[in-house]
Amino acid sequence: MNEKFKALGFYPADILLPGEGTDMTKWAVVACDQFTSQPEYWQAVEETVGDAPSTLRMILPEARLNDPDVDSHIASINDSMQRYLDEGVFRELPESLVYIERTQSDGRVRRGLIGMVDLEQYDFTPGSGALIRATEGTVLSRIPPRVRVRQDAPIELPHVMLLIDDPARTVIEPLAAESAQMEKLYDFDLQQGGGHLTGWRLTAAQTDAAADALAGLCTPAEMERKYGMKDAAPLLFAVGDGNHSLATAKQCYENLKKVTPEAERAQLPARYALVEVVNNHDDALTFEPIHRVVFGVEPEKLLAAFKTYYPGAHEGPGEGHTIAYTYEGHTGCVTVPQPKVQLAVGTLQAFLDDYVKKNGGEVDYIHGDEVTDELGAKPGNIGFKLPAMGKEQLFKTVMADGVLPRKTFSMGHAQDKRYYVEARRIK
């Protein structure tokens with residue numbers, strides 16, 4: 001392994017790509033946790049792919065995770081992976097980083113860098129000081145079913161996206177001007193309105209430069225400059241998408257550690273996980289707020305309890321966290337002055353968790369202002385619209401508060417999520 005990467009928890013990887021002649025549009029499909037309530041989307045993917053080699057045969061769309069015959073789905077996935085390996089569908093790029101440009105459905109181009117992370121350097125525990133950290137609370141109950149999918153798989157396909165806080169654009173953006181020096185690996189349209197994807201393999205010199213630039217992001221001086229925390233444990237990578245996927249990889253590795261001598265663990269392929277790294281400051285990367293609607297409550301009673309929960313909270317805008325609400329025949333906003341957490345979503349979620357536990361009701365997480373207002377205005381409901389979190393707040397909040405409240409933000413639209421293309425052996 002390239003020693004320059006050792007202190008970063010991130011390395012070039014032995015990357016598997018389909019060989020020449022593969023129809024890449026049929027090969028690549030969107031992350032398995034998208035369109036879970038739209039089976040017609042996955043049916044359209046099925047019809048597009050047909051009998052062609054495809055990552056569709058190596059993933060389990062989460063819409064099917066609770067199917068009664070899920071075990072047969074998993075067995076079929078593992079068989080397809082092994083068959084593709086045996087039949088020479090893949091070619092391997094040893095110790096490689098891949099620079100990608102993803103043209104999104106809105107026409108903007110998002111840039112990324114694909115490599116692998118050392119799972120010893122990743123921790124999803126709130127308040128962790130690891131180099132690679134979760135941004136939101138991890139729901140532990142979501143991990144075991146995903147472990148069943150991964151634990152016997154011979155290869156992995158990632159939809160994990162890690163973010164770096166690189167306002168000077170030193171790591172990924174310089175590669176855009178250097179792609180002519182690289183080997184182009186693929187260049188194709190993504191199916192189902194996913195835009196376009198192009199990928200290149202970095203040269204040795206570009207790989208070394210990327211390591212140097214990443215190392216510059218986590219020096220004590222940089223931690224102090226960006227976060228005002230000189231002696232804090234450095235945070236290099238924050239999980240933007242696919243946290244439960246990465247947590248599953250971590251759990252599978254932890255299970256293997258129990259039966260592997262310590263001296264042999266560094267050689268375990270399962271110790272590492274393939275990821276895409278994206279700059280949090282990439283202009284194409286957008287954060288959208290996720291609102292809340294509470295069902296089965298008396299809205300006025302709930303608002304009164306909110307003001308009791310936060311003494312000093314008042315109707316109308318003001319200094320602090322201001323949260324808009326809608327219920328039958330009413331709209332307004334309430335402000336909590338001198339909040340104790342960084343984000344308004346944290347202020348609201350802490351109250352809602354407490355209120356629902358004591359009084360009943362059900363909280364749902366909603367995308368879009370109009371839908372929130374529409375649902376909130378129905379009898380027995382109340383909708384809360386949260387301000388969008390500025391991207392610049394992400395790393396500061398994780399450093400200060402440990403993790404964000406669950407369902408704080410969404411990174412772009414479903415069709416713009418990662419598509420599976422690269423793979424890597426994990427056995």
Side-chain angles (χ1 to χ4, degrees), residues 9-11 13-16 29-34 36 42 54-87 89-90 92 114-125 128 130 132 134 137-162 239 241-276 418 420-427:
F10 177 77
Y11 293 92
D14 296 337
I15 291 174
L16 298 173
V29 303
V30 79
C32 65
D33 59 346
Q34 301 303 306
T36 54
W42 290 102
S54 177
T55 56
L56 180 63
R57 305 299 169 218
M58 298 183 286
I59 65 156
L60 180 63
E62 294 202 355
R64 300 177 189 160
L65 197 56
N66 296 313
D67 282 5
D69 56 347
V70 67
D71 288 336
S72 67
H73 289 329
I74 294 171
S76 176
I77 288 164
N78 291 339
D79 288 347
S80 294
M81 289 177 173
Q82 193 59 54
R83 180 163 52 82
Y84 283 3
L85 288 168
D86 294 343
E87 292 177 357
V89 169
F90 290 107
E92 188 168 79
I114 294 173
M116 67 182 187
V117 290
D118 182 354
L119 294 168
E120 287 281 4
Q121 303 271 31
Y122 159 68
D123 191 352
F124 55 76
T125 307
S128 161
I132 309 161
T138 303
V139 182
L140 298 181
S141 62
R142 293 184 63 187
I143 297 177
R146 289 157 181 79
V147 167
R148 289 168 60 200
V149 178
R150 185 182 175 96
Q151 63 189 359
D152 296 319
I155 65 175
E156 64 170 352
L157 296 106
H159 73 259
V160 176
M161 189 183 291
L162 301 185
V239 183
D241 255 350
N243 183 59
H244 287 90
S245 243
L246 198 58
T248 297
K250 173 81 167 179
Q251 186 60 58
C252 288
Y253 169 56
E254 291 296 328
N255 293 343
L256 273 176
K257 279 172 67 173
K258 296 172 186 173
V259 295
T260 305
E262 187 172 350
E264 299 173 16
R265 290 174 188 168
Q267 273 60 57
L268 285 173
R271 173 170 168 161
Y272 306 91
L274 207 56
V275 301
E276 178 186 348
R418 268 196 59 82
Y420 301 111
V421 178
E422 291 82 7
R424 183 183 148 267
R425 294 177 190 265
I426 54 173
K427 287 192 179 301

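The first residue in the sequence is number 1, and the count goes up from there. Quick caveat, the model's predicted, so the values are computed rather than measured.
- In this structure, M81 CE and T55 OG1 are separated by 10.0 Å, a value rounded to the nearest 0.5 Å.
- With sequence neighbours excluded, the residues forming a salt bridge (charged side-chain N to carboxylate O under 4.0 Å, His left out) with K257 are E120, E254, listed by chain and number.
- Atom CD of E422 is separated from atom CD1 of I114 by 3.5 Å, given to the nearest 0.5 angstrom.
- Every residue two or more places apart in sequence or in another chain that forms a ring-ring contact (aromatic ring centres under 6.0 Å, His included) with F10 is listed here: F237.
- The salt bridge (charged side-chain N to carboxylate O under 4.0 Å, His left out) search around D118 returns R271, not counting sequence neighbours.
- Contact check for V117 versus Y122: no side-chain heavy atoms found under the 4.5 Å cut-off.
- In this structure Q82 satisfies the side chain to side chain donor-acceptor pair (under 3.5 Å) test together with D86, sequence neighbours excluded.
- G115 and A13 get closest at one heavy-atom pair: C-CB, 4.5 Å.
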Assess the residue pair V30 and W42 against the criterion (side chain to side chain contact (heavy atoms under 4.5 Å, CB included)); give the C-alpha distance rounded to whole Å, side-chain angles, the decisive distance to 0.1 Å, and a yes or no.
CA-CA 10 Å; V30 79; W42 290 102; 3.9 Å; yes

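- Between A270 and L119 the shortest heavy-atom distance is O-CD1, 3.5 Å.
- In this structure D14 satisfies the side chain to side chain donor-acceptor pair (under 3.5 Å) test with no other residue, sequence neighbours excluded.
- Remark: S76 pairs with no residue by the side chain to side chain donor-acceptor pair (under 3.5 Å) rule, at least two apart or across chains.
- N78 is linked by a side chain to side chain donor-acceptor pair (under 3.5 Å) to nothing, counting only residues two or more places apart in sequence or in another chain.
- Rounded to the nearest 0.5 angstrom, S80 OG and E87 CD are separated by 9.5 Å.
- We find the CG-NZ distance between L85 and K427 to be 12.5 Å, quoted to the nearest 0.5 Å.
- Remark: I74 CD1 to D79 CG distance equals 12.0 Å, nearest 0.5 Å.
- Applying the salt bridge (charged side-chain N to carboxylate O under 4.0 Å, His left out) criterion to E92, with sequence neighbours excluded, gives R425.
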Cut-off 3.5 Å, no hydrogens considered: what does the side-chain donor-acceptor table look like for residues 143-162, sequence neighbours left out?
| residue | atom | partner | partner atom | Å |
| --- | --- | --- | --- | --- |
| R146 | NE | E62 | OE2 | 3.2 |
| R146 | NH1 | R142 | O | 2.4 |
| R146 | NH2 | E62 | OE1 | 2.8 |
| R146 | NH2 | E62 | OE2 | 3.4 |
| R148 | NH2 | D71 | OD1 | 2.4 |
| R150 | NH1 | E156 | OE1 | 3.1 |
| R150 | NH2 | E156 | OE1 | 2.9 |
| E156 | OE2 | L274 | N | 2.7 |
| E156 | OE2 | R424 | NH1 | 2.8 |
| H159 | ND1 | Y420 | OH | 2.9 |

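- With sequence neighbours left out, the side chain to side chain contact (heavy atoms under 4.5 Å, CB included) criterion links E264 to T260, P261.
- Minimum interatomic distance between F90 and A423 (heavy atoms only, all atoms of both residues): CE2-CB, 4.2 Å.
- Contacts of D123 classified as salt bridge (charged side-chain N to carboxylate O under 4.0 Å, His left out), with partners at least two apart in sequence or in another chain: none.
- Closest non-hydrogen pair, S128 versus A130, comes out as OG-N, 3.0 Å.
- Counting only distance, with no hydrogens or angles, the side chain of Y84 and the backbone of S54 share a donor-acceptor pair below 3.5 Å.
- Expressed to the nearest 0.5 Å, how far CG of L56 lies from SG of C32 amounts to 11.0 Å.
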